[in-house]
Structures are given as C-alpha cells and as structure tokens.
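By convention in this document, chain letters (A, B, ...) are assigned in the order of the sequence lines, proteins followed by strands, and residues within each chain are numbered from 1.
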Amino acid sequence: MSVPSDWPSTEREALAEQQRLRPMVAADGPAPDRVAGTLVAGVDVAYDDERDVVAAAAVLLDYATLEVVEEATAVGQVAFPYLPGLLAFREVPAVVEALGRLSAEPALVVCDGYGVAHPRRLGLASHLGVLTGLPTIGVAKTPFTFTYRAPGAERGAWEPLVDAGEIVGRAVRTREGVKPVFVSVGHRIGLAEATEVTLALTPHYRLPETTRRADSLCRRALAEAVSAAG
DNA sequence: GCGACAG
DNA sequence: ATCTTGTCGC
C-alpha cells in the first residue's frame, strides 16, 4: 500500500483531488465486533518544523482488551503545508506508509481529526479510508468550524455537530465533566457505530486508547529520527 | 475586507 | 502541530 506518485503539491490540485474522492466515501456500515482477535488501529503524526521531518505511527490494539498487539512507524519529508481543510495532504502519505508496515489489517482505523465533518466532506479520516479501502472514523479534540450544544456531563452523553445546518458528527462526552471529543464518520461505518466505538476505546481517558498509543509512538519515532540524523 | 481555522 | 513548570484536584 502506498501513495500515488502524483501527490498534490498545490492547493488547487488538492482541492481537485478532494472533489474526485468525495463521491467515493461510504458513510455507513457496522461497528467491528468487540471480540478477542478483532484489531483496531490508531494512527497519528508528529512534525519537526525545523527539518520538515514527519513521523507517523500506526498501532494495532485488540478491540476486546485494548492491549497493544503491534506497532509500526514511518519517517519522511513533509509533503504539504498545513492548510485548514487540507490536512490530509500533509498527514496521509506517512500514515499510509506506517499502516502498510503492519503485518495484519485492522477492522477499523481511528484518526486524530475529522472524517466527513469537513468543509467539502472529505476530512483526513475519510480521505485515508477511501485511499486504503479500510473502515475509518475521526475523533478530533477541537470543534474546528462546527457548532454544537454542550452534551450532558455524564460519560456517553452527546449532541449533534453541525455545519451549515447539516449534522456532520457528534460532540461526545467520553469522561464525566471533561471537554467532549468530536466524532465523525470516516469511511464504511455509520455515525452511531462510530460513536459506539469511540466510547469503547475510552474506558479511562478523554481520547481513544488508539490515539493515545499512536501519539506517544510517533513522538518517540520523531525524536529518534531527529537525533539519529545529528 | 477581516477573522477563524482538524493537526 | 509545537514552544513548556508547576500546580490544582480527584
């Protein structure tokens, strides 16, 4: 699995690519079975702006126990600047590389960011899903440009995430009394199912275990790569 | 025109 | 994303 050699290098090309991929998103499908042996992946990316280095991590967890089963990383050169709405072009190449280094395929990939909750309905998680064919969801830490009502204080409470009058995701309370996370469909899964998975992955902390493991791993990989480069 | 803006 | 110590609170 790898990224096309003609990866967009300009904003104009990126926007055109989003238009091309957008109709390929499947915004429904089942949640993975929560049984031993079902694998769920977490992916995340870290950067060294000084050297334009990017480090991605892909971590496989057993969905039933949330134990780490396998880890993979990929380090490379940053391929695109950060532009709101075009985050996928910056993060996806390294993420696809890391995912490809896993020896098993996950039933679902959890991304740090948005899926169809996006100005053109093709955020990071949906983009990655269409490219890999894997089911994906996005769990973001901030509301981006969307609006929502505060969910109830209890874990599991949620409210719709709205963009231009359209429901694009949910603000979900994963820990009592703590700021909610923002869940959206990436690819091949429904919104209720994405919410269910998010809650299953957050028995203790605000963010999914998948995201937490991938976050620490990509930071370690980046530090290692930068120090090795001297 | 200006501000806001996933990570 | 990243720069960054201690501190308040369960």
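- A/G85 comes within contact range of at least one nucleobase, with a heavy-atom separation under 4.0 Å.
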*Step by step, would you call A/E224 with A/R220 a salt bridge (Lys or Arg N to Asp or Glu O under 4.0 Å)?*
CA-CA 6 Å; A/E224 194 175 305; A/R220 271 180 280 149; over 6 Å; no
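- Comparing B/dA6, B/dG7, C/dT2 against the side chain of A/L222 picks out C/dT2 as the nearest.
- Taking atom CG of A/D48 as the reference point, atom P of B/dG7 lies 20 Å away to the nearest angstrom.
- Rounded to an integer number of Å, the gap from A/L161 CG to B/dA6 P is 13 Å.
- Here the C1' atom of nucleotide B/dA4 and the CZ atom of A/F144 are 10 Å apart, to the nearest Å.
- When the nucleotides B/dC5, C/dT2, B/dG7 are ranked by their closest atom to the side chain of A/P84, B/dC5 comes out on top.
- Taking 4.0 angstrom as the limit, A/K141 places a side-chain polar atom (N or O) nearer than this to OP1 or OP2 of B/dG7.
- The aromatic rings of A/F80 and A/F89 lie tilted to each other, with the angle between the two planes from 30° to 60°.
- Considering only the side chain of A/T145, B/dC5 comes nearest among C/dA1, B/dC5, B/dA6.
- Remark: C1' of B/dG7 and OH of A/Y82 are 6 Å apart, rounded to the nearest angstrom.
- One interatomic measurement links the two molecules: CZ of A/R121 to P of B/dA6, which rounds to 16 Å at whole-angstrom precision.
- Rounded to whole Å, atom C1' of B/dG7 lies 13 Å from atom CG of A/L207.
- If you check the side chains of A/T195 and A/R170, you find a donor sitting under 3.5 Å from an acceptor.
- To the nearest angstrom, C1' of B/dG7 lies 11 Å from OH of A/Y114.
- Backbone-only engagement by A/R219 is indicated by non-hydrogen atom pairs under 4.0 Å involving sugar-phosphate atoms exclusively.
- Remark: aromatic rings of A/H118 and A/F144 are distant, center separation not under 6.0 Å.
- In terms of phosphate contacts, A/R90 brings no side-chain nitrogen or oxygen within less than 4.0 Å of OP1 or OP2 of B/dA6.
- Using a 4.0 Å heavy-atom criterion, one finds that A/A46 contacts the sugar-phosphate atoms exclusively.
- A straight line from CZ of A/F80 to P of B/dG7 spans 18 Å, rounded to a whole angstrom.
- Judged by the 6.0 Å and 45° rule, A/R121 forms no cation-pi pair with A/Y114.
- Between B/dG7 and A/T142, a contact under 4.0 Å exists linking OP1 or OP2 to a side-chain N or O.
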